[in-house]
Amino acid sequence: MKQEAGRQIPGIYELLEAAYGYQGWWPLLSKAGSPGYDDEGYLIGRDWRGAPTPSQRFEIVLGAILTQNTTWENAKRALIALRAHGLRGPKAILAENPSQLPTIIRSSGYHNQKAIKLRTVSEFLHSGNYLARRKAPDRERLLSVWGVGEETVDSILLYAFGMPFFVVDAYTRRLLARLGIADEHASYVWIQRLFENAMPPDAELLGEYHALIVRHAKTHCRKRPVCGGCPLRRRCPFPRDHSPES
DNA sequence: CGCCAGGTGGGAT
DNA sequence: ATCCCACATGGC
């Protein structure tokens, strides 16, 4: 498509922010309940955020893997279990008995695969010392790590390293398709460019946008849509194209 | 019960 | 390039 497809992108951001308010991603278990964060670990205001510590970066990486095609609640249980076992860094993950790891993260689903993914990404981070150096890994290199796909790589670079990459997920696709902005199977990079070309290259802003889309997709733009009270209703052909489910 | 959730890699077409 | 499938738990 042409660049005109991105025309509505900034306006949609404004509407979502107005409707849902500041989301304060990425949620940090290690911050939950501390000043400036809510009980779930979401940042409450913009003023508390500094660069994540190495430990916080690692927690974000773990969460990004564990939440793949899985609810955050299930991923969070696995994070809590990892913390309870003292597995807070790449070295600890690599030192853990490989046959025990799947058991620890069982609640996240796909736990056998995800255990391997936690090891491969830990090996990568450890060998390049990426957590302590605040230097972000190269996107292509990180993408080549087994278990780290496009969404995960951008989640890590954006939320753990503050790089201005937009994260595209299933919610983003569904939203754009219903709004008539993009085809359901548009490529990842096509959608990513759409947002990155339409918005300033600001990590805080792009992170907030992705978080707002997740929030919106859970609230109104669900698989089974709840169009009443939708903040994007004025712009969305969906309610008119499909008769309301009885 | 069946469907869904903040994907990814591997193998076939 | 693109499609199809296995991978898995917990909530509703």
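In what follows, every chain begins at residue 1, and chains take the letters A, B, ... in the order their sequences are listed.
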*Test log, rule salt bridge (Lys or Arg N to Asp or Glu O under 4.0 Å), inputs A/Lys76 and A/Glu40*: CA-CA 10 Å; A/Lys76 196 167 82 176; A/Glu40 297 294 313; 2.5 Å; yes

*Where at least one partner belongs to residues 138-167 of chain A, residue pairs that pass ring pair (Phe, Tyr, Trp, His ring centres under 6.0 Å), sequence neighbours excluded*: A/Trp25-A/Tyr159, A/Trp26-A/Tyr159, A/Phe166-A/Phe195, A/Phe166-A/Tyr209

*Strand-adjacent residues in residues 57-79 of chain A, judged by heavy atoms under 4.0 Å from DNA chain C*: A/Asn69, A/Asn74, A/Arg77

_B/dC3 and C/dA6, which share atom name P, separated by this distance in whole Å_ = 16 Å

*Specify the residues of residues 141-152 of chain A, ordered by number, for which at least one heavy atom lies under 4.0 angstrom from an atom of DNA chain B.*
A/Val145, A/Trp146, A/Gly147, A/Val148, A/Gly149, A/Glu150, A/Glu151, A/Thr152

*asked:* Within this structure, what is the CD1-CG distance for the pair A/Ile60 and A/Leu131, rounded to the nearest 0.5 Å?
replied: 10.5 Å

*Would you jot down, in residue-number order, the residues of residues 205-215 of chain A having a non-hydrogen atom under 4.0 Å from DNA chain C?*
none

_Approximate separation, where rounding is to 0.5 Å, of A/His210 NE2 and A/Leu205 CG_ = 13.5 Å

_Electrostatic pair A/Asp183:A/Arg173 at N-O distance under 4.0 angstrom_ = no

*Linked, directly or transitively: A/Leu194 and A/Leu16 (ILVMFWY side chains, under 4.5 Å)*: yes

*Atom C1', compared across B/dA5 and C/dC3: separation rounded to whole Å*: 22 Å

*Find the distance between NE2 (A/His111) and CD1 (A/Ile104) and round it off to the nearest 0.5 Å.*
11.5 Å

*Measure the CG-CD distance between A/Leu232 and A/Gln8 for me, rounded to the nearest 0.5 Å.*
9.5 Å

*asked:* With a 4.0 Å limit, can you tell me whether A/Arg224 has a side-chain N or O closer than that to the phosphate oxygens OP1/OP2 of B/dG2?
replied: no

*Can you tell me how far P of B/dC4 sits from CG of A/Asp169, to the nearest Å?*
17 Å

_First and last nucleotide of DNA chain C, 5' to 3', lying under 4.0 Å from heavy atoms of chain A_ = C/dC7 to C/dG11

*Separation of A/Gln113 atom CD from B/dG9 atom P, in whole Å?*
9 Å

Show me the donor-acceptor pairs within less than 3.5 Å that the side chains of residues 84-92 of chain A make with the rest of the protein, sequence neighbours left out.
none

*asked:* Counting only heavy atoms not in A/Arg141 (residues, nucleotides, ligands), do more than 12 fall under 6.0 Å from its CZ?
replied: no

*Identify whether any heavy atom of A/Lys218 sits under 4.0 Å from a base atom; if not, whether one sits that close to sugar-phosphate; answer base, sugar-phosphate or nothing.*
base

*List the steps and the verdict of side chain to side chain donor-acceptor pair (under 3.5 Å) for A/Gln56 and A/Ser30.*
CA-CA 7 Å; A/Gln56 290 168 352; A/Ser30 53; 4.6 Å; no

*May I ask you to establish whether A/Arg215 and A/Tyr20 are in a cation-pi arrangement, using a distance under 6.0 Å from NZ or CZ to the six-membered ring centre and at most 45° from the ring axis?*
no

*Between CD of A/Glu96 and CG of A/Leu118, what distance do you get to the nearest 0.5 Å?*
11.0 Å

